[in-house]
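Note that this is a predicted model, so its numbers are computed, not measured.
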Amino acid sequence: MEEYIRSRVPWSTEPSLKTKTGEVGIDFDEFIEGLKDGKSDAEMAAEFGVTEKLIYHLRDRFERYGIGSIMGQD
């Protein structure tokens, strides 16, 4: 008897990091450059004119999920 195995393909409806940075008025490429350069949350917050907490959440999002999410499922 054949057992039904549900697909284990990862999927998400979470918007990409580019979308999230755009929503808060941060240039995506400059944000990634700041991460690459090892800037602190405080430095990036001052540069973009936002709170450190916002930068913290964007950095955390990047570290957990990367730049984009997989959308859809087969």
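Between the CG atom of Asp41 and the CZ atom of Arg59 there is a distance of 4.5 Å, given to the nearest 0.5 Å.
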Enumerate, atom names and distances included, each donor-acceptor pair closer than 3.5 Å involving a side-chain atom of residues 24-33, sequence neighbours excluded.
residue: Asp27; atom: OD1; partner: Asp29; partner atom: N; Å: 3.1
residue: Asp27; atom: OD1; partner: Glu30; partner atom: N; Å: 2.8
residue: Glu33; atom: OE2; partner: Lys36; partner atom: NZ; Å: 3.1

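Taking the side chain to side chain donor-acceptor pair (under 3.5 Å) definition, one finds that Asp60 meets it with Arg64, sequence neighbours left out.
Residue pairs meeting the side chain to side chain donor-acceptor pair (under 3.5 Å) criterion with at least one partner in residues 47-58, sequence neighbours excluded, are Lys39-Glu47.
Checked by atom type and distance alone, the side chain of Thr19 never pairs as donor or acceptor with a backbone atom of Pro15 at under 3.5 Å.
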